[in-house]
J.: 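Take this structure first; my questions come after.
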Number of protein chains: 2
Amino acid sequence: MFTETIMSQRPGFVSAIADTTPPALSLQALFSKQAVETFEGGSAVFWEGDSARHVFEVVEGVLRVFKITGDGHRVITGFIYPGDLLGVSLKDRYLYTAEAVTKTKLRRFTRRRFQEEINQSPELRPQLFARLCDEMAAAQDQMVLLARKSAEERVSSFLLVIARRLSSDQLAQPIVEIPMTRLDMADYLGLTIETVSRTMTKLISAGVIAPSGRHSVIVRKPAKLARLAGEGDDDDKQTWDQASIQQAIWPQ
Amino acid sequence: MFTETIMSQRPGFVSAIADTTPPALSLQALFSKQAVETFEGGSAVFWEGDSARHVFEVVEGVLRVFKITGDGHRVITGFIYPGDLLGVSLKDRYLYTAEAVTKTKLRRFTRRRFQEEINQSPELRPQLFARLCDEMAAAQDQMVLLARKSAEERVSSFLLVIARRLSSDQLAQPIVEIPMTRLDMADYLGLTIETVSRTMTKLISAGVIAPSGRHSVIVRKPAKLARLAGEGDDDDKQTWDQASIQQAIWPQ
DNA sequence: CGCATTATTGATTGATTTCAAAGAGTGTGG
DNA sequence: CCACACTCTTTGAAATCAATCAATAATGCG
C-alpha cells in the first residue's frame, strides 16, 4: 500500500505552489517531498469505512467526496481542489468515499508519519487547524444551503462559489469551469439532475449566465447571480477597494 | 477581557465530571479549574461575527448554535450538550451565534490561553482533534439528512440521536428529553414547525413514540424508529416489550 | 384568571420530484 | 469517415411532499 515510492521525487517543483506561504515550513512544503500519484477520473482514492491509513494533498484535478445513504442515494459533501487536504479525519476509518472527478494528481503521507510531522512542528499545527476550520465553515454553509435555499439559490450559490474559487487562481476570467457532471451537482446540492438542468436553463434564459461548452459557463451578471444566491446583498459597494478586480473578473 | 476571574474557583468540583477520563490531563480537567458561569435560557453566549475571544465547555444545559440567512431564516447547525466544547473555531470571528436553550452553565478560557495550553500539551492536542473530527462527522451526517431525507426520516433521526446521546448519561430510560422547542427542531431539521408537529403526531399514531409532556417522549418502538430514520438496518425484530426496547436503543 | 407563547390541526398551494422521452455529446470500431 | 452505442443532458407532464395560510387548542406565566 506504500505507493508513494512509485514516482520519482521532484523537489524543485515546490516553489510554484508554496510561493505564497510565508513560513519556512508549510503543509504544502511538507507534502512537496512526496511522490505524485495519478488517478483517472472516476476512480476512487479511498472508500468510506476503509482503514484511514493516509492523508493526501491534491496537486491537480478535482475530487468528489461523498456518502451513500441507507436507501442508496449518494450525497456529495464536498469537492476537493488543488491545494486542499484529503482524509484528515482523526478517526481511524474514512468518513466518506473520495473519487476523482477529473484526472487527478495527489501526494500522500501515511497517517502515522503525518501525525508525527504535525506533532513535532509548532508551525504546522496552526495551519492544519486552520484547514479544519475552513472545512467546518464550508460544511456549515452547506447546511444552510441544504436547509433553507431554493433550487435557484442553490445552483446560484454553487456557481458563485466555484467562480470565486477560480478567481484567486486565474484572475480576470468570467468563464467558470464546471468539471463535475449535472449529477454531481445534483447530489451536492440536494436536488435532482432534472432540477439542476432546469435551473441552469432558467439562469441562461435570464441572461445571468451563458453556456460555454458542457463543462463551463460564462457569468454575465455576477451581481444578479449573487442576489439569486441569497447573499446579504443590500448593496455591494463597501466590500473592497479592489472593486476594480471584481469588475475585471466579471465585466458587466 | 479575562472574565474567568469573576467567579470563585471550585477545584473540588472536578471529579464529578472528570472521573471517566483516563489521562492525567484531559480537556475536561483543564476546564474544570475555570469558574462556572450561568446563562438563562434564551440568552446568547456570543454572536456570529463577534471577535472570537473565548472557548467554552458546557457543564450543564443545552445550547443551540445557528446562523441567520440573508432572507432572515434561522438555520440551527447543532445543539451543544454538557461535555461539549463551544467556540473552537480557529477563525478570529465566531462562525455562528450560540444561545442557551435551557439554563446553562459554562466554563471559559480566553482563546489565547486555550491555545497556549493546547500547544504545550501533547496529551491535550489529540483530544481536541478528536472533538473537531466528531463535530465534522456530525456536520456530514446533518448534510446527508438535509440533502436527502424526508420529513419523517429527519424527525426520526433526530429523536434517535438524542435518545442515544442521553443513553450514555442516564441509562436504561426510554424517555427522551427534548429541551428544545418545535421551532428549534424545525430550524435544525430544515422543516417548518407545522411539518415537525404533524410528523410527531404521525409517529405517535403509529405507536413508535408516546407523548410524555411537551418536552419529552417515550420511545416505544426503537427498531421501527431506526428504520424510519433511514438507517441501514436490514434486520429488525418486532420490539414491543421493554427488554428488547432497551436492546434496540443501545445495541452495543 | 387572562394573556402571550407554543403547539396542533386543517385546507390549499406550490416547488421539486418522479416518470417518460427525446436530444446532444463522445468514443469506438467497421 | 461514418454508424452505432453509450452516457449525459434537456425538456415535458403528472404526482407528491412539504410549505403556506388560517384557525384552534394547549401550555405556561404574571
Side-chain angles (χ1 to χ4, degrees), chain A residues 40-42 64 69 71-76 99 101-103 145-159 178-206 209-217 228 230, chain B residues 40-42 64 69 71-76 99 101-103 145-159 178-206 209-217 228 230:
Chain A
E40 293 301 321
R64 55 184 165 244
T69 65
D71 52 339
H73 279 122
R74 184 182 69 162
V75 177
I76 296 180
E99 221 173 67
V101 172
T102 61
K103 186 172 177 177
L145 180 144
L146 293 169
R148 292 293 176 205
K149 291 192 178 180
S150 67
E152 193 176 66
E153 290 172 320
R154 292 181 197 201
V155 172
S156 300
S157 295
F158 175 75
L159 292 176
I178 307 173
M180 54 290 290
T181 66
R182 295 286 186 270
L183 184 59
D184 287 329
M185 287 176 63
D187 287 349
Y188 179 60
L189 298 174
L191 300 171
T192 59
I193 188 173
E194 294 96 330
T195 300
V196 170
S197 183
R198 272 187 257 271
T199 306
M200 292 287 285
T201 303
K202 200 168 145 200
L203 290 176
I204 290 167
S205 314
I209 59 175
S212 165
R214 206 171 215 175
H215 286 294
S216 65
V217 297
L228 292 177
Chain B
E40 293 302 321
R64 57 183 164 244
T69 65
D71 52 339
H73 279 122
R74 183 181 70 162
V75 177
I76 295 180
E99 220 173 68
V101 172
T102 62
K103 185 172 177 175
L145 180 145
L146 293 170
R148 293 289 176 210
K149 291 193 176 178
S150 68
E152 193 177 63
E153 289 173 321
R154 293 181 197 202
V155 172
S156 299
S157 296
F158 176 76
L159 293 175
I178 307 173
M180 55 291 289
T181 65
R182 294 286 184 271
L183 184 57
D184 287 330
M185 288 176 63
D187 287 348
Y188 179 60
L189 298 174
L191 300 170
T192 59
I193 188 173
E194 293 97 328
T195 300
V196 170
S197 185
R198 271 185 258 272
T199 306
M200 293 286 285
T201 302
K202 200 168 146 199
L203 290 176
I204 291 167
S205 313
I209 59 175
S212 167
R214 206 170 216 177
H215 286 292
S216 65
V217 297
L228 292 176

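So you know, we letter chains A, B, ... as the sequences are listed, proteins then strands, and number each from 1. Note that these values count all heavy atoms, side chains included, but never hydrogens, waters or copies made by symmetry.
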J.: Do Val217(A) and Leu203(A) come within less than 4.5 Å of each other through their side chains, counting heavy atoms only?
T.: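 Answer no - side chains too far apart.
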J.: Please give me the minimum heavy-atom distance between Arg214(A) and Arg182(A), naming the atom from each residue.
T.: O-NH1, 3.9 Å
J.: What bend angle does the helix from dC1(C)-dG30(D) to dG30(C)-dC1(D) show across its length, from five-pair end axes and to the nearest 10 degrees?
T.: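 Nearest ten degrees gives 40° for this helix.
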J.: Okay, side chain of Arg154(B), backbone of Lys149(B): is any donor-acceptor separation there less than 3.5 Å?
T.: yes
J.: Is the closest side-chain heavy-atom distance between Leu228(B) and Val155(B) below 4.5 Å?
T.: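 When only atoms from C-beta onward are counted, Val155(B) and Leu228(B) do not touch, as no gap falls below 4.5 Å.
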J.: Separation of Ile204(A) atom CD1 from dA24(C) atom C1', in whole Å?
T.: 14 Å
J.: Just by distance, do the side chain of Arg148(A) and the backbone of Leu191(B) share a donor-acceptor pair under 3.5 Å?
T.: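 It does hold such a pair.
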J.: Quick one: on DNA chain D, does His73(B) or Arg182(A) contact a more 5' nucleotide (nearest heavy atom)?
T.: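 On the 5' side of the pair lies Arg182(A).
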J.: Taking all heavy atoms of Thr102(B) and all of Pro179(B), pick out the closest pair and write down the distance.
T.: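 Nearest heavy atoms, Thr102(B) then Pro179(B): CG2-CB, 3.6 Å.
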J.: What range of DNA chain D does chain A touch, first nucleotide to last, counting atoms under 4.0 Å from its heavy atoms?
T.: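 Range of nucleotides touched by chain A: dC8(D) to dA13(D).
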J.: Roughly how many Å is it from CZ in Arg198(B) to C1' in dA7(C), rounded to a whole number?
T.: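 That distance rounds to 12 Å.
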J.: Please give me the minimum heavy-atom distance between Pro211(B) and Ile204(B), naming the atom from each residue.
T.: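 It is CD-CG2, 3.8 Å.
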J.: Taking the side chain as everything from C-beta on, heavy atoms only, tell me whether Ile178(B) gets closer than 4.5 Å to Met185(B).
T.: yes
J.: Between Ala186(B) and Val196(B), what is the shortest heavy-atom contact and its length?
T.: CA-CG2, 3.7 Å
J.: Which residues in residues 183-194 of chain B have a heavy atom closer than 4.0 Å to any atom of DNA chain D?
T.: Gly190(B), Leu191(B), Thr192(B), Glu194(B)
J.: Tell me the interatomic distance from Lys202(A), atom NZ, to dT16(C), atom C1', rounded to whole angstroms.
T.: 11 Å
J.: With a 4.0 Å limit, can you tell me whether Arg214(B) has a side-chain N or O closer than that to the phosphate oxygens OP1/OP2 of dT6(C)?
T.: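 Answer is no, no contact under 4.0 Å.
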J.: Between Arg74(B) and Asp184(B), does the salt bridge (Lys or Arg N to Asp or Glu O under 4.0 Å) criterion hold? Intermediate values first, please.
T.: CA-CA 9 Å; Arg74(B) 183 181 70 162; Asp184(B) 287 330; 2.8 Å; yes
J.: Does dA15(C) have OP1 or OP2 under 4.0 Å away from a side-chain N or O of Thr195(A)?
T.: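 Looking at the OP1 and OP2 atoms of dA15(C), neither is under 4.0 Å from any side-chain N or O of Thr195(A).
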J.: Within this structure, what is the NE2-to-P distance between His215(A) and dG25(C), rounded to whole angstrom?
T.: 12 Å
J.: Ignoring hydrogens and geometry, is there a side-chain-to-backbone donor-acceptor pair from Thr201(A) to Ser197(A) under 3.5 Å?
T.: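 Yes; at least one donor-acceptor contact below 3.5 Å.
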